[in-house]
2 protein chains.
Amino acid sequence: MRESDKNAACTGADNLVAALKSGGVDTYFANPGTSEMQLVSAIDKIEGVQSVLALFEGVATGAADGYARVLNRPAGVLLHLGPGLGNGWANLHNARRAHVPVLNIVGDHAVDHLALDAPLTSDLDGIAQSISHTTVRPADQADLVAAGDRALAAAYQGGGQVSTLIVPSDLAWSAGQNAVPPLAQPTPTYDGVDDQTIDKAITALKGSGRRVIFAGGRALQGAALDQLGQIAQATGAELIAETFTARAERGAGRVPFKKLAYFAEMALDQLTGCEAIITVGTKSPVSFFAYPNVPSNLVPDGCAVISLASPTQDASAAIGALADHLGVAGSGIDQAARICPERPSGDLTADKCWQAMAALLPEGTILSEEAATSSVGLDVHMAGAAPFDHMQTMGGSIGQALPAALGAAIAAPDRKVVCATGDGGAMYTIQSLWSMARENLDVVTIIFANRSYAILNIELMRVGAQNPGPKALDMLDIGRPDMNFTQIARGMGVEAGRAETAAQFATLLDAAMQQKGPFLIEAVI
Amino acid sequence: MRESDKNAACTGADNLVAALKSGGVDTYFANPGTSEMQLVSAIDKIEGVQSVLALFEGVATGAADGYARVLNRPAGVLLHLGPGLGNGWANLHNARRAHVPVLNIVGDHAVDHLALDAPLTSDLDGIAQSISHTTVRPADQADLVAAGDRALAAAYQGGGQVSTLIVPSDLAWSAGQNAVPPLAQPTPTYDGVDDQTIDKAITALKGSGRRVIFAGGRALQGAALDQLGQIAQATGAELIAETFTARAERGAGRVPFKKLAYFAEMALDQLTGCEAIITVGTKSPVSFFAYPNVPSNLVPDGCAVISLASPTQDASAAIGALADHLGVAGSGIDQAARICPERPSGDLTADKCWQAMAALLPEGTILSEEAATSSVGLDVHMAGAAPFDHMQTMGGSIGQALPAALGAAIAAPDRKVVCATGDGGAMYTIQSLWSMARENLDVVTIIFANRSYAILNIELMRVGAQNPGPKALDMLDIGRPDMNFTQIARGMGVEAGRAETAAQFATLLDAAMQQKGPFLIEAVI
């Protein structure tokens with residue numbers, strides 16, 4: 001607490017923020033309103049607590065997702081009543097699907113004010129419950145800090161959950177206690193994995209025929225990924241990662257893996273002939289969407305599925321146990337080699353952007369990617385890039401990559417963060433750029449500007465809508481008018497450049513990698 | 001249906017969109033995804049149905065709010081699963097509080113796909129119920145059109161409600177019926193007003209002492225407003241409108257009224273000494289937020305409150321009955337006079353912007369306003385403006401004025417629409433500008449750029465957070481970095497100019513009023 005505040009009366013909000021700080025919550029992504037003013041004041045007073053302002057709540061929740069993926073601990077997200085939570089809902093959905101810890105703190109009307117049904121009154125508990133694993137509303141002011149403790153603990157359950165604490169403003173402004181005992185910082189808890197499951201996985205892996213280890217979540221990080229590589233090599237099983245990954249460690253020196261295709265038909269082809277699929281850190285593979293006359297369940301007929309560890313179980317521990325049983329410790333790993341492509345030339349395509357990125361992104365880059373149809377070249381070129389972390393949108397709600405990059409940059413200020421996103425997706429949370437400028441974060445944003453919801457043009461055909469007319473095509477075309485992302489970025493304080501050729505892209509990217517601070521490249525493809 | 005599609009197989013989606021068209025839904029505000037592709041295809045095929053694409057769902061829902069305020073009938077809002085509804089939630093809250101009809105059509109996964117818990121699966125029913133008066137999920141494909149009919153009817157209840165129809169994608173893509181009977185376009189239904197209430201209101205109005213008619217909603221439009229003026233003049237009661245109005249008819253030739261102040265202390269002062277408050281089209285006055293040691297209920301002790309018509313009752317009919325009983329028909333009305341201010345000069349202030357607007361806005365302008373601290377001059381100067389409609393954010397969730405202006409311009413293509421908004425509020429749904437450019441709408445947007453959540457600087461003090469430090473002040477300051485709204489607007493295809501003096505503002509505004517099409521003025525105040 002600041003010296004000047006030490007003699008001031010302490011509020012409930014001060015107690016809460018101080019207690020959460022002792023529990024490890026030292027960073028807030030915030031878009032506050034009147035009902036959160038005491039919480040703003042408390043953040044102001046408590047030393048060592050930082051707050052990053054967002055102009056829109058989806059930026060704050062997406063940033064908390066990105067932050068948690070890097071640090072495995074929750075940021076606080078400060079939101080204003082039901083509508084604030086509404087604006088943050090979509091990226092909370094993405095965080096929930098990424099199984100990361102997020103702690104929302106949502107201000108509410110004072111208890112007596114709620115009954116009066118003032119304009120900002122809404123079904124706050126209803127919307128909170130629709131997105132949160134756990135929703136905590138303090139019983140009274142004496143319960144405020146304990147409620148914060150319960151909400152914080154809930155965020156760490158199952159490896160990471162969305163937890164929401166509702167704070168009526170009168171509880172925040174009422175006089176607090178002079179000394180609140182510190183909270184213990186929780187450690188993640190997981191659902192258990194039983195020995196029988198380990199045995200089943202071993203039996204399956206030792207079998208013959210085509211066996212696939214289908215991996216996701218923390219199975220694609222650190223020692224777990226190394227061990228998966230050893231297990232795959234020792235048993236002849238193939239390692240295939242889920243289509244989208246929360247934070248996968250990739251590139252040179254890491255265990256290489258294929259990824260399951262996005263479109264159901266391609267994924268079905270990919271898994272044809274499998275006799276056993278061992279899932280770890282993810283669930284049995286299903287298609288993203290259903291399509292007429294295409295199965296949604298991607299497991300081939302007759303293929304056994306062994307769920308070694310679901311996303312809420314401890315994948316690392318399960319993989320470690322498996323590695324021990326199989327005796328693969330110390331065996332070599334087939335690591336990806338560094339392949340530095342030539343700088344691209346000629347017309348600009350998304351593929352050439354990835355080629356340039358594979359050449360130029362420095363070791364340790366965090367890549368926040370939501371490039372949809374423009375992501376095809378990623379797996380081709382980035383397999384041999386300098387080692388990087390690959391973060392993707394886990395819940396399919398676009399508009400996550402920009403705020404996640406913001407959050408990752410706050411979590412890892414010494415690493416380069418690259419956000420690679422489609423133009424359509426970028427526009428959902430474009431306000432992220434302003435927060436990047438404000439915090440002078442080392443984030444380079446690449447906009448794949450194809451002026452289309454290109455994926456939907458494909459999907460329109462795939463769901464059986466043949467022969468689309470002008471109105472339908474127009475609803476998937478975002479090139480009328482073209483957006484100018486360099487102007488939009490500069491309007492929010494981020495310097496930017498446009499690339500219309502591959503050489504221009506490589507030159508801009510190279511320059512951006514040499515400097516620190518936010519920069520945006522509009523790649524017109 | 002287009003000639004080329006007449007021989008094509010009809011889908012459930014085709015049936016639904018055609019039926020809703022016969023029920024009066026001819027306009028969609030859309031941000032579709034894969035699960036809505038058949039609905040997109042149906043909108044494409046059905047003649048006389050238009051779709052306005054939004055880059056963000058809050059733009060679509062806010063536009064539906066603005067559209068309904070002008071036309072008193074619902075637009076369809078096409079949204080993608082739970083996250084799409086989440087992004088639209090805040091402006092649905094505003095629409096709900098404005099008591100206007102909105103019909104959401106939310107695509108969902110195919111029924112069999114839901115159980116597989118694919119990435120975009122969420123608690124769609126939960127979030128829908130948290131914001132909708134009515135949520136309809138068709139029982140099966142045969143029920144799809146009937147479900148649409150139920151949802152449409154629900155939108156018209158209580159004068160206007162938020163109604164949500166969930167459409168599983170397999171119901172949309174399955175074969176439909178060749179001929180679907182047309183729906184009847186619903187008429188708004190209201191909760192009844194009993195004669196006893198009318199009598200009570202008459203008795204109160206005929207009493208002595210200070211009597212206030214506290215009016216909102218449709219009581220501030222057309223014949224109802226004229227009659228309120230006659231009643232006030234005949235009885236000596238004062239006419240005070242609710243703090244924020246959904247669509248109030250104001251300016252020269254209309255019945256003038258005061259508005260209830262936003263801050264509780266000022267509103268309490270304003271109502272001091274009242275012996276009776278007759279509410280019509282709104283509820284008994286309460287403060288927007290609670291503050292320590294300030295009552296939230298703004299009714300003075302001992303003052304009678306007669307609820308003539310709540311927002312879900314027919315205010316026009318109740319006022320008509322009152323006027324008949326009081327025999328005021330044919331009596332004169334104290335109309336506001338046209339006062340055309342001088343064009344302002346010198347430094348630019350929000351007040352001078354309103355002065356210029358009062359001089360220059362043409363008759364019939366629709367003013368979509370969310371100017372917060374910059375709105376003070378509105379009531380001063382615009383009372384004598386050419387007759388205009390004043391639309392404000394009804395649920396207190398900022399980011400409504402821009403999309404509401406978009407929707408109003410679609411609803412009334414022959415009228416000038418002016419959106420006057422704070423810079424903070426504008427950034428929540430800034431993507432609205434792109435849809436305005438795309439549709440070449442006659443909307444002039446005025447951004448009051450004070451580079452601050454100025455209202456929160458006031459609120460920070462008011463809730464008792466004294467002596468704010470740098471972190472707190474920084475969380476309310478959006479001037480680090482300054483946004484450049486002319487660049488942001490141009491980046492989305494809207495021409496723009498910046499005014500730094502009052503003369504520059506008046507010149508830009510004058511030019512914008514002389515031309516058609518979207519334009520933005522950044523008023524640096």
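All chains are named by letter (A, B, ...) in the order of the sequence lines, taking the proteins before the strands, and each is independently numbered beginning at 1. As the structure is a computational prediction, the values presented were derived from the model and not from experiment.
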> A/Met394 versus chain B, heavy atoms under 4.5 Å apart: side chain, backbone, both or neither?
backbone
> Against chain A, label B/Ser287 side chain, backbone, both or neither, depending on which of its atoms sit under 4.5 Å from a heavy atom there.
both
> What is the minimum heavy-atom distance between B/His93 and A/Leu120, and which atoms define it?
NE2-CA, 3.8 Å
> So which part of A/Val49 gets closer than 4.5 Å to some heavy atom of chain B, the side chain, the backbone, both or neither?
both
> Just so I know, are the side chains of B/Tyr428 and A/Asn31 near enough to count as touching, which here means a heavy-atom distance under 4.5 Å?
yes
> Less than 4.5 Å to any heavy atom of chain B: does that hold for the side chain of A/Leu78, its backbone, both, or neither?
side chain
> Report the distance from atom CG of B/Leu460 to atom CD of A/Glu36, rounding to the nearest 0.5 Å.
12.0 Å
> I'd like to know if the side chain of B/Asp44 and the backbone of A/Pro468 have a donor-acceptor N/O pair within less than 3.5 Å.
no
> Evaluate salt bridge (Lys or Arg N to Asp or Glu O under 4.0 Å) for B/Asp477 paired with A/Arg438, printing each intermediate quantity in order.
CA-CA 11 Å; B/Asp477 164 25; A/Arg438 182 178 177 89; 5.0 Å; no
> I need the minimum non-hydrogen distance between A/Thr34 and B/Leu456, along with the two atoms involved.
N-CD2, 3.5 Å
> Which atoms of A/Thr11 come close to chain B, meaning under 4.5 Å heavy atom to heavy atom: side chain ones, backbone ones, both, or neither?
neither
> Is the side chain of B/Gln431 donor-acceptor paired with the backbone N or O of A/Met427 at a distance under 3.5 Å, no angle test?
yes
> If I take atom CD1 from residue A/Ile398 and atom CG from residue B/Asn87, how far apart are they, to the nearest 0.5 angstrom?
9.5 Å
> Need one label for A/Leu81: side chain, backbone, both or neither, based on atoms under 4.5 Å from any heavy atom in chain B.
side chain
> Which of the residues A/Pro481, A/Ala118, A/Ala13 is involved in the greatest number of heavy-atom pairs with chain B at under 4.5 angstrom?
A/Pro481
> Answer whether the closest heavy-atom distance between the side chains of B/Gln487 and A/Asn484 falls below 4.5 Å.
no
> Considering only heavy atoms, which portion of A/Val286 lies under 4.5 Å from any heavy atom of chain B: side chain, backbone, both, or neither?
side chain
> Picking from A/Thr393, A/Asp123, A/Leu473, which has the most non-hydrogen pairs under 4.5 angstrom with chain B?
A/Asp123
> Between A/Ala472, A/Ala42, A/Gly493, which residue shows the highest count of heavy-atom pairs closer than 4.5 Å to chain B?
A/Ala472
> Is it the backbone or the side chain of B/Thr243 that comes under 4.5 Å from a heavy atom of chain A, or both, or neither?
neither
> Can you tell me which of B/Ser296, B/Gly126, B/Ser35 forms the most heavy-atom pairs within a distance under 4.5 Å of chain A?
B/Ser296
> Mind checking the CD-OG spacing from B/Gln129 to A/Ser130? Nearest 0.5 Å is all I need.
10.0 Å
> For chain B, find which of A/Ser169, A/Pro119, A/Gly86 contributes the most heavy-atom pairs closer than 4.5 angstrom.
A/Pro119
> Tell me, out of B/Ala437, B/Ala489, B/Ser397, B/Pro83, who's got the most heavy-atom pairs with chain A below 4.5 Å.
B/Pro83
> Do you know which of A/Phe485, A/Phe56, A/Trp173 has the most heavy-atom pairs under 4.5 Å to chain B?
A/Trp173
> Would you call B/Met37 and A/Leu476 a side-chain contact if the rule is heavy atoms closer than 4.5 Å?
yes
> Once you measure the plane-to-plane angle for A/His80 and B/Phe289, does it fall in the parallel (<30°), tilted (30-60°) or perpendicular (>60°) bin?
tilted
> For each of A/Ala90, A/Ala290, A/Gly33, tally heavy-atom pairs with chain B at distances under 4.5 Å, and name the one with the top tally.
A/Ala290
> Nearest 0.5 Å please: distance from the CZ atom of A/Arg97 over to the CG atom of B/Asp117.
4.0 Å
> When rounded to the nearest 0.5 angstrom, what is the spacing between CD in A/Glu459 and CD in B/Gln38?
12.0 Å
> Tell me, for A/Ala54 versus chain B, whether the close heavy atoms (under 4.5 Å) come from the side chain, the backbone, both or neither.
backbone
> Would you call B/Ile127 and A/Ile131 a side-chain contact if the rule is heavy atoms closer than 4.5 Å?
no
> Give, as side chain, backbone, both or neither, the part of A/Thr486 having an atom under 4.5 angstrom from any heavy atom of chain B.
neither
> Against chain B, label A/Tyr453 side chain, backbone, both or neither, depending on which of its atoms sit under 4.5 Å from a heavy atom there.
side chain
> Calculate, to the nearest 0.5 Å, the distance between atoms NE2 and CZ belonging to B/His109 and A/Phe288 respectively.
7.5 Å
> Heavy atoms, side chains only, cut-off 4.5 Å: are A/Ile488 and B/Trp434 in contact?
no
> Counting distance only, does the side-chain N/O of A/Lys471 pair as donor-acceptor with the main-chain N or O of B/Ser51 below 3.5 Å?
no
> Any side-chain heavy atom of B/Leu53 sitting closer than 4.5 Å to one from A/Asp474?
no
